[in-house]
Amino acid sequence: MRQRLSSEPDRYRGRRRVPTPPRSRYAAVVTTAFVGAGMVALGAAALPDAKSVDPAVLDELRQASVASQDATLRADSADRASRADRSETKASAEQDVWLLPLQGYDFDSAYGMRWGKLHTGVDLVAPEGTPYVAIHDGTVTKAGWFGGYGYTVIVKHADGSEAIYGHSSALTVQEGQQVKAGDQLGLVGATGHAYGSHLHLEIHVKGEPKDPVPWLQERGVDIKMQVEAFYTEVAAS
């Protein structure tokens, strides 16, 4: 029969976890609650009581708020007015555009006496069928046969002046039509009393013919040099 080498009981050789006493956990909870309450109290103390604010200070704050709102409204109003002014200026500039009636022509037969009678316009020589355009915004008051002018377009401008485009081979507008500067009116031709294909251009003010050269130069168009100075300036701005 085998004997035990030792009479001592078996011992637990692993680590033992010591439980936290219930009283210790309770103390931690109570401490946290007190700390939180203290923080809330400090925060409440930092906030001003609305009843304790000086009425004069409140009045100053209200006046400052009203003044700020008024300044914002004035700034918005000024900005809208500025935008409206710019739009009106742009629209006005577009209405004041004056153009050459066509490109690539030979200037011939200036305004003045010719063959014993007044030549009341200028002749711009170009191949038949070359498109020509309105020199300014206006209303077409004539689009058809016009005696010695052949097929003719007459455009009345807002300032009361009229432009007459004669000897056309064909017309591309109708009477009563509104046109803008640069809109096509017809094609160059030699209808009516004409010697060769050309566009006859006249300017009338109050029913009286004016020399187109200086009259158009005042509006930024040099018809002899084929320059649209004013139009170029407007387009670049």
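Numbering starts at 1 and runs along the sequence shown. Side chains are part of it too, since the values below use all heavy atoms of this structure and drop only hydrogens, waters and symmetry mates.
Without hydrogens or angle criteria, His119 side chain to Gly112 main chain gives no donor-acceptor distance under 3.5 Å. Looking only at distances, no side-chain donor or acceptor of Asp123 sits under 3.5 Å from a matching main-chain atom of His200. Asp211 places no side-chain N or O within donor-acceptor distance of the main-chain N or O of Pro214, the cut-off being under 3.5 Å. Remark: side-chain polar atoms of Glu162 are not paired, donor with acceptor, to backbone N or O of Val155 under 3.5 angstrom. Between the side chain of Thr152 and the backbone N or O of Gly166, no donor-acceptor pair lies under 3.5 Å. A distance-only check finds a donor-acceptor pair linking the side chain of His167 to the backbone of Tyr149 [under 3.5 Å]. Checked by atom type and distance alone, the side chain of Thr191 never pairs as donor or acceptor with a backbone atom of Gly150 at under 3.5 Å.
Linking ILVMFWY residues whenever their side-chain heavy atoms come closer than 4.5 Å, directly or via other members, places Ile203 and Val221 in the same cluster. Hydrophobic clustering, with ILVMFWY side chains joined whenever heavy atoms are under 4.5 angstrom apart, keeps Leu102 apart from Val125. Taken together through direct or relayed side-chain contacts under 4.5 Å among Ile, Leu, Val, Met, Phe, Trp and Tyr, Tyr111 and Val205 form parts of separate hydrophobic clusters. Both Leu185 and Leu100 are assigned to one and the same hydrophobic cluster, defined by single-linkage of ILVMFWY side chains at heavy-atom distances under 4.5 Å. Tracing side-chain contacts under 4.5 Å through hydrophobic residues (I, L, V, M, F, W, Y), one reaches Leu171 starting from Val179; they form part of the same cluster.
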>> I'd like to know whether Trp215 forms a ring-ring contact (aromatic ring centres under 6.0 Å, His included) with His204, so could you lay out the CA-CA distance, the side-chain angles of the two residues, the decisive distance to 0.1 Å, and finally the verdict.
In response: CA-CA 10 Å; Trp215 197 85; His204 285 213; over 10 Å; no
> Gln217 and Met225: side chain to side chain contact (heavy atoms under 4.5 Å, CB included), yes or no, with the steps?
Replying inline: CA-CA 10 Å; Gln217 282 178 339; Met225 298 296 294; over 6 Å; no
> Should Ile154 and Tyr165 be marked as a side chain to side chain contact (heavy atoms under 4.5 Å, CB included) after you check the CA-CA gap, both sets of side-chain angles, and the distance that decides it?
Replying inline: CA-CA 6 Å; Ile154 300 178; Tyr165 309 81; over 6 Å; no
>> Let's go through Val122 and Ile223 carefully: what are the C-alpha distance in whole Å and the side-chain angles of both, what is the deciding distance for side chain to side chain contact (heavy atoms under 4.5 Å, CB included) to 0.1 Å, and is it a yes or a no?
In response: CA-CA 9 Å; Val122 294; Ile223 200 167; 4.2 Å; yes
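Closest non-hydrogen pair, Thr120 versus Glu202, comes out as OG1-OE2, 2.6 Å. The shortest non-hydrogen separation linking Gln226 to Tyr105 is NE2-O, 2.8 Å. When all heavy atoms are compared, the tightest approach of Ser197 to Pro127 is OG-C, 3.5 Å. Taking every heavy atom of both residues into account, Ile135 and Ala163 meet most closely at CD1-CB, 4.0 Å. Contact record, Ala181 with Asp137: N-OD1, 2.7 Å, taken as the closest heavy-atom pair.
The residue from Trp145, Tyr132, Tyr151 that alone fulfils the side-chain hydrogen bond (donor to acceptor under 3.5 Å, both in side chains) condition with Ser168 is Tyr132. If you run side chain to side chain contact (heavy atoms under 4.5 Å, CB included) between Ser169 and each of Val188, Thr130, Leu187, only Leu187 comes through.
Atom CD in Glu175 sits 7.5 Å away from atom OG1 in Thr141 (nearest 0.5 Å). Ser109 contributes atom OG, which lies 11.5 Å from atom OH of Tyr195 (distance to the nearest 0.5 angstrom). Here the CG atom belonging to Leu124 is positioned 6.5 Å from the CG atom belonging to Leu201, to the nearest 0.5 angstrom.
Summarising the local packing, CD of Glu218 is surrounded by more than 12 heavy atoms from other residues, nucleotides or ligands at distances under 6.0 Å. Within 6.0 Å of NZ in Lys142 there are more than 12 heavy atoms belonging to other residues, nucleotides or ligands.
The aromatic rings of His136 and Trp98 lie parallel to each other, with less than 30° between the two planes, well short of the 60° mark.
Val213 has its side chain within reach of Lys224: a pair of non-hydrogen atoms, C-beta onward, lies under 4.5 Å apart.
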